[in-house]
Amino acid sequence: MKKTALLSLAALAAMSLAACGGSETAETTTAAATTAAETEAAETEAEAETEAETEAEAAEAEGEALPDLSGVELTMMVPDWGNPGEELLARFEEETGCKVSVTEVSWDDIRDKVSIAAAGGQAAADIFEVDWSWVGEMNSAGWLAPIEMTEEDIADEPTLETFTIDGNILALPYANDYRIAYYNKDHFAQAGITEAPKTWDEVEAAMKAIKEAGICEYPYSMPMNADESATTSLTWLAWAKNGVVFNEDGTFNKDSVLDALTFENKMVTDGYVDPAMRTADGMTCYNKICSGETSFMVGPTKFVNFISNPEKTAEDVLGNVEAILLPGKDDVSDRTMPLPEAYGVSAFSENQEAAITFVKWLNSPEIEKELYLANGSIPNRNSVIEEMINDGTIKTPGAMLEQAKLIKSPFPNGVPDYYAEMTNAMYNNINQMVLGNQTPEEAFDAMDQKVKELLQ
Amino acid sequence: MHRFSQKILPYILLLPMGLLMVALVYYPIAVTFSYSLREMKLTRPNDTAFVGFENYVSVLKSQDFWYSLQNTLFLLAAVVILTTLCGFFVAMILSKEHRLAGLFLAIAILPWAMPPIVNGIIWRFIFFPGYGFINKLLLMLGLIDTPVDWLSNRWLLLSVVAVVTAWRSAPFCAIVCLAGLKSIPKELYEAAKIDGSGSFHSFRYITLPLVFPFIGIGTTSASITAINIFDEIVALSGFSDVGKNVLIQNYLTTFSFLDFGKGSALTYIIMGLTAVLGVFYLRSLNREVEF
């Protein structure tokens with residue numbers, strides 16, 4: 001009997017105009033005071049008018065009044081750390097009448113769902129997660145609705161630059177992340193180094209001293225696994241050390257990138273990096289600063305909170321780690337790389353205006369503060385960071401604010417739409433290099449060839 | 001009238017399932033085929049020109065495809081061998097009459113019930129570079145001086161993936177083989193014993209031939225599992241080039257690089273390979289058994 005087996009794979013607002021509290025304006029009359037009673041009444045009315053005016057001014061100072069969005073229902077697809085939380089959602093509903101339903105989806109899956117839906121001209125959700133690395137392709141694919149922001153907002157949020165292509169802001173960041181350096185003062189002091197390193201040469205010298213003194217077996221920590229964290233690590237290193245990663249035409253700047261690759265490889269061959277980091281994920285690598293297993297690293301901004309948190313940091317390390325500015329070539333670097341996450345509005349959404357209102361609301365200074373308290377998202381506005389450092393909400397900030405003011409995107413023409421293919425070539429070749437299968441030159445040539453191929 | 005309803009009724013009853021199959025299986029297959037003949041990169045939405053079989057040629061010319069196919073074939077061979085040997089061995093143990101046979105059976109089935117991604121994550125901790133369980137054990141026993149980096153070498157990583165996958169697929173093979181073993185009439189063994197047959201000969205000429213079709217089912221299942229390995233590889237080594245199989249390559253092309261044209265062509269190539277394998281197994285399953 002003959003049978004044929006067939007195995008298949010299938011891949012496959014309206015917005016109303018009334019403003020809160022602004023629709024009803026109390027009519028006031030000023031009457032001539034002929035009697036004491038009339039005078040008293042007039043005074044009371046005048047007081048009420050002044051009070052109303054003050055409230056309106058305060059509301060204006062906080063931002064635009066929210067529109068009435070009664071009856072509108074929005075969907076939002078974000079990873080668990082991007083969920084604004086029940087309280088904020090209830091507050092938005094109370095203020096506008098708009099209900100937002102959040103679906104938590106794993107970070108990787110969001111992009112798949114958005115692309116599959118968009119391929120059919122549908123919105124996977126009205127609002128969805130937009131990682132900084134996705135913005136180029138999502139822009140080219142036409143999946144994101146542009147969002148208008150004021151000049152004041154743009155100046156206050158340097159991370160917005162990452163989500164801006166051809167003058168269009170395509171998503172609003174909710175979780176700020178930029179690279180900042182951390183060093184264990186105690187390890188450095190034990191090795192006789194009393195100052196924080198300002199240059200990469202000083203870092204290397206410090207690593208040598210700490211290792212040779214037997215203070216820490218692997219004093220330098222940097223993600224090198226074949227994943228996105230290896231790409232970003234090379235990018236910020238070249239960016240901070242040499243001030244350039246890509247040329248204007250989109251190709252790699254050979255001198256800078258090869259120099260960064262050589263430095264990274266040297267850290268491995270000289271034994272400053274734990275060999276296990278060549279196949280361990282980024283967080284495992286970063287957590288070493290909290291456990292005291294490393295002396296220096298450049299890592300995510302949220303570690304500013306971790307280093308003062310007894311639940312995250314070992315007892316003997318608490319108080320010994322400080323966040324400092326990224327080292328540079330001759331002095332501290334004048335730049336750092338942003339890696340923020342944002343909320344984008346689908347170009348296929350039927351409630352685009354309402355969705356934009358919601359993400360702008362989440363991006364407002366007041367809500368940014370609350371998001372930080374709710375889920376630890378670092379604010380994107382420098383004014384908010386400053387305020388939270390001053391009022392003690394952010395403990396042990398170190399150079400956090402100073403570094404935030406030095407945020408600059410390393411992509412001269414915005415994140416390219418071939419980023420996914422480029423990063424795949426980058427992290428695989430970086431990984432092969434640190435595993436000893438390629439020289440820095442070979443790794444660079446393979447990366448360079450791929451980028452040139454993609455540019456064609 | 002009665003004859004008419006007898007003729008028509010079966011088709012009416014099949015209609016709902018038929019419609020579902022058309023909507024959820026045949027239509028996507030057809031659409032995927034049409035994608036594979038087009039320029040279909042989502043970052044270039046206006047460029048969807050018909051390119052014929054260019055995507056197929058491009059895939060077959062790419063080094064990435066052949067590299068991932070090699071990995072797939074290695075995994076296929078390793079998983080099928082490990083699953084069959086382990087599954088049959090476990091079935092032989094479980095077939096023995098024992099008070100705790102039920103408990104052993106339940107324990108043996110557990111890995112099969114585990115979601116692949118959970119399976120992969122558990123094993124990642126076991127093979128974690130540096131301070132994973134295996135390294136600690138080997139260091140403690142003095143068998144190694146420095147931790148082994150299990151996940152950075154291509155063949156070592158693929159071997160780990162094969163072991164992890166076989167651990168999940170062997171229980172099914174064991175259950176199927178156990179059913180086969182239980183269905184062999186005891187009289188055959190008694191007759192053979194009277195004829196002077198020893199244990200080995202009984203196993204060689206009675207057990208093995210009669211259980212062979214069941215092994216075939218287990219092997220077919222293991223093959224499909226081996227070709228569809230995805231979660232375990234991602235959990236152990238992410239989307240790195242080192243351990244990628246054709247499925248990972250397909251995922252990267254389609255969903256990471258957003259090239260639905262080439263991704264669909266690759267899907268059809270994988271489908272063709274799987275279909276060939278399916279026919280081969282079905283033929284071997286239907287062989288006459290002689291004993």
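So you know, we letter chains A, B, ... as the sequences are listed, proteins then strands, and number each from 1.
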Once you round to the nearest 0.5 Å, how far does CD1 of B/Ile248 lie from CG of B/Asp64?
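Between atom CD1 of B/Ile248 and atom CG of B/Asp64 there are 13.0 Å.
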Where does B/Tyr268 contact chain A at under 4.5 Å (heavy atoms): side chain, backbone, both or neither?
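The answer is neither part of B/Tyr268.
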Contact class of B/Tyr27 relative to chain A, heavy atoms under 4.5 angstrom:
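Looking at B/Tyr27, nothing touches chain A.
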Selection from [options] maximising heavy-atom pairs under 4.5 Å formed with chain B:
options: A/Asn437, A/Asn424, A/Thr284; result: A/Asn424
options: A/Leu435, A/Asp227, A/Asn139; result: A/Leu435
options: A/Ser140, A/Ala226, A/Ala118, A/Ser115; result: A/Ser140

Just checking A/Asp249: does its CG atom have more than 12 heavy atoms from other residues, nucleotides or ligands closer to it than 6.0 angstrom?
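Atom CG in A/Asp249 is crowded, with more than 12 foreign heavy atoms closer than 6.0 Å.
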Hey, is [X] close enough to [Y] for a salt bridge, meaning N to O under 4.0 Å?
X: A/Glu217; Y: A/Lys211; answer: no
X: A/Lys266; Y: A/Asp270; answer: yes
X: A/Glu137; Y: B/Arg44; answer: no

Set of ring pair (Phe, Tyr, Trp, His ring centres under 6.0 Å) partners for B/Phe125, sequence neighbours left out
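For B/Phe125 there are no ring pair (Phe, Tyr, Trp, His ring centres under 6.0 Å) partners, ignoring immediate neighbours.
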For a 4.5 angstrom cut-off between non-hydrogen side-chain atoms, does B/Leu37 reach B/Asn55?
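Not in contact.
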Between B/Tyr35 and B/Lys262, is any pair of side-chain heavy atoms under 4.5 Å apart?
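No, their side chains stay 4.5 Å or more apart.
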Which region of A/Glu228, side chain (C-beta onward) or backbone (N, CA, C, O), has a non-hydrogen atom less than 4.5 Å from a non-hydrogen atom of chain B, or is it both or neither?
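Answer is neither: A/Glu228 stays 4.5 Å or more from chain B.
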Contacting moiety of A/Trp134, where chain B heavy atoms sit under 4.5 Å:
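Looking at A/Trp134, nothing touches chain B.
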Anything in residues 233-242 of chain B with a heavy-atom distance to chain A below 4.5 Å? Please list those residues in order.
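B/Phe239, B/Ser240, B/Asp241, B/Val242 fall under the 4.5 Å cut-off.
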Is it true that A/Tyr418 and B/Phe257 have ring centroids separated by less than 6.0 Å?
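Judged by ring-centre distance (under 6.0 Å), A/Tyr418 and B/Phe257 do not meet the cut-off.
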